[in-house]
Amino acid sequence: MSDLEPKPEHKFAFGLWTIGHSGRDPFGEATRPPIDSLDFIRGLAEIGAWGVSFHDDDLMTFGAPEKQRREELDRFKKGLEETGIVCSMATTNLFWHPMFKDGAFTSNDRNVRRLAIQKTLRNLDVAAELGAPTYVFWGGREGVESAASKEPADALSRYKEALDFLCGYVKDKGYNIRFAIEPKPNEPRGDTFLPTIGHAMSFINQLEHSEMVGLNPEVAHETMAGLSFYQGVAQAIWQDKLFHIDLNDQKIGRYDQDFRFGSEGIKDDFFLVRLLESTGYSGPKHFDCRPYRNELGAGIWEFARGCMRTYLVLAEKAREFDNDPRVKEAQAFAGVTELAVPTVGSYSREASDRLLAEQFDPEQLAQRSYGNEALDQLVIDRILGV
Ligand code: GLT
Ligand code: MN
Ligand code: MN
């Protein structure tokens, strides 16, 4: 194994709410004390991380006087300057306060909607001040329990209106910020608008400034819905929409578990890391997960180290896999590279005439075997290290 020490060049990032998660859940109180933002950033630098992300309310006390909020922000900035940790992403908390119980950009209450946009405008200024290049939109409360409570078309129109307005603000202010939508199928709402990568990507096409809006997909969220995160991310990359990524882990079909990256779906994670490494994804590898609730003290930092270590192990395994001559042979047998060859090219009358005149032998085509069992066993052997 080569060097498994995380370094800034790997661009590993954590949110303040991740390693710093209090352990509170719907059934129990906090199990851990809060971590001061300066200590948090120093801790990140010590373990070899590169970036930090935040919600407005993680950093500056909601509703506190401006003077206090400024002090809290300056303390965070001091940490960045002292350690060289980068502020890699910012986002708005539009889900915690009870006023957001019916939604934020899609609340039926117009004043809640206006306040949600105002709260975001204010935090965009902070994001710009800290140099965060990506601003995430996770619509935690944008959804319904009762389908009778909102017209979906109105909700989507209000969602679009909010994002169009916020894009306008970023452009007007000349900020160097792009937006990334984070889909999730449900939780905390019964049904969430923009539930999957696919829904979010097609929604983006409807936006006024669609070029500045991409995705922040999360492993746990697609997995909750029983979808392949790997295939979703691959399509997002193909459409140039992977602006950011939330890495964690999850058992299929459960509530949002936000487990340590690589702790559950090792095979899926192997292919995900291979995809990110081989397609030259250059954004942050952002871990949006939290330590087990029964973890305390040093164990919290072990959790963070584990996320990065497993990523680096899988990156190494992926390189070994791709350099293995047996894999190359099995891939050739399966026709993996054949799929990269255009099928008919662009349309012309001549090309269609040629194709229509061609003779195929369906029986012979059906005789081909693709050797996928042997190929997949090589994946398993490589991951298990035999
Ligand atoms: C919240 C959620 C995450 C989002 C964060 C951004 S907050 O913890 O579960 O998936 O990425 O708002
Ligand atoms: Mn999650
Ligand atoms: Mn997330």
Side-chain angles (χ1 to χ4, degrees), residues 1-21 35-54 76 78-89 131-134 218-219 233 242 244-249 258-292 295-324 379 381-386:
M1 271 277 104
S2 59
D3 189 7
L4 294 178
E5 241 355 271
K7 296 183 191 62
E9 75 218 39
H10 295 126
K11 296 179 99 172
F12 290 131
F14 291 86
L16 285 178
W17 69 95
T18 62
I19 303 170
H21 194 271
I35 307 178
D36 167 77
S37 71
L38 191 52
D39 293 340
F40 187 93
I41 295 177
R42 286 176 178 157
L44 285 186
E46 215 168 285
I47 62 171
W50 160 85
V52 65
S53 59
F54 70 96
F76 184 74
K78 181 171 166 228
L80 299 178
E81 277 154 28
E82 179 191 304
T83 59
I85 293 280
V86 163
C87 180
S88 53
M89 181 266 269
T134 308
E218 175 175 312
V219 177
V233 170
L242 189 69
H244 197 267
I245 193 163
D246 275 2
L247 300 171
N248 57 16
D249 227 326
D258 290 336
F259 285 151
R260 186 180 77 256
F261 179 66
S263 60
E264 288 295 332
I266 300 275
K267 190 178 177 189
D268 294 337
D269 296 335
F270 166 81
F271 280 109
L272 174 64
V273 169
R274 179 171 175 256
L275 179 73
L276 295 178
E277 294 293 304
S278 68
T279 49
Y281 166 74
S282 60
K285 284 116 182 180
H286 180 252
F287 297 105
D288 183 11
C289 35
R290 44 179 180 255
Y292 299 140
E295 204 61 73
L296 205 58
I300 288 165
W301 295 98
E302 273 319 303
F303 146 86
R305 281 200 180 86
C307 289
M308 299 186 288
R309 180 178 174 81
T310 304
Y311 186 99
L312 293 173
V313 171
L314 292 174
E316 168 95 4
K317 297 270 177 192
R319 277 190 296 275
E320 288 172 3
F321 178 78
D322 288 321
N323 290 328
D324 185 336
V379 175
D381 282 2
R382 180 52 69 198
I383 294 172
L384 296 179
V386 290

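Fair warning: this is a prediction, and the values are worked out from it, not measured in the lab.
For the atom pair Ile41 CD1 and Glu81 CD, the distance stands at 10.0 Å (nearest 0.5 Å). If you take SG on Cys87 and CG on Leu80, they are separated by 6.5 Å, rounding to the nearest 0.5 Å. Considering NE2 of His244 and OH of Tyr281, their distance stands at 6.0 Å, rounded to 0.5 Å. To the nearest 0.5 Å, the span separating CG on Asp269 from CD on Glu264 amounts to 9.5 Å. Leu242 CG to Leu276 CG: the interatomic distance, rounded to the nearest 0.5 Å, is 7.0 Å. Here CZ of Phe54 is found 8.0 Å from CG of Leu16. Values are rounded to the nearest 0.5 Å.
Between the Asp381 side chain and the Val386 main chain, no donor and acceptor come within less than 3.5 Å of each other. When atom types are taken as modelled, the side chain of Asn323 and the backbone of Arg319 share a donor-acceptor pair closer than 3.5 angstrom.
Listed by chain and number, the residues in a ring-ring contact (aromatic ring centres under 6.0 Å, His included) with Phe271 are Tyr230 (sequence neighbours excluded). Take Asp258 and apply the side-chain hydrogen bond (donor to acceptor under 3.5 Å, both in side chains) test, not counting sequence neighbours, and it matches Asn248, Arg290. Looking at residues two or more places apart in sequence or on another chain, you find a side-chain hydrogen bond (donor to acceptor under 3.5 Å, both in side chains) between Glu302 and Arg305.
Nearest heavy atoms, Cys307 versus Cys289: SG-SG, 3.7 Å. Here the shortest heavy-atom pairing between Ser263 and Tyr292 reads CB-OH, 4.4 Å. Between Met308 and Ile47, the shortest heavy-atom contact is CE-O, 3.4 Å. For the residue pair Ile19 and Ala304, the shortest heavy atom distance occurs at CD1-CB, 3.7 Å. Pairing each heavy atom of Ile300 with each of Glu295, the nearest pair is N-CG, 4.0 Å. In terms of heavy-atom proximity, Arg382 sits nearest to Glu320 at NH1-OE1, 3.1 Å.
When side chains are defined from C-beta on, Arg260 does not count as touching Phe287, because their heavy atoms never get closer than 4.5 Å. Using a 4.5 Å heavy-atom threshold, the side chains of Val219 and Phe259 count as separate. Between Leu44 and Thr83 the shortest side-chain heavy-atom distance does not fall below 4.5 Å.
For residues 306-315, the pairs satisfying side chain to side chain donor-acceptor pair (under 3.5 Å) are Glu277-Tyr311, with sequence neighbours left out. Residue pairs that meet the side chain to side chain donor-acceptor pair (under 3.5 Å) test with at least one member in residues 41-51, sequence neighbours left out, are Arg42-Glu82.
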Take His286 and Ser53 through the test side-chain hydrogen bond (donor to acceptor under 3.5 Å, both in side chains) and record every step on the way to the result.
-> CA-CA 9 Å; His286 180 252; Ser53 59; 2.6 Å; yes
Check the pair Phe14 / Ile85 against side chain to side chain contact (heavy atoms under 4.5 Å, CB included), numbers first and verdict last.
-> CA-CA 11 Å; Phe14 291 86; Ile85 293 280; over 6 Å; no
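The aromatic rings of Phe270 and Phe321 sit perpendicular, their planes meeting at an angle over 60°, well past the 30° parallel limit.
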Identify each donor-acceptor pair in which a side-chain atom of residues 4-13 lies under 3.5 Å from a protein atom, sequence neighbours left out, and give them as a table.
residue, atom, partner, partner atom, Å
Lys7, NZ, Asp3, OD2, 2.5
Lys7, NZ, Glu5, O, 3.3
His10, ND1, Lys7, N, 2.9
His10, ND1, Lys7, O, 3.4
Lys11, NZ, Ser282, O, 2.7

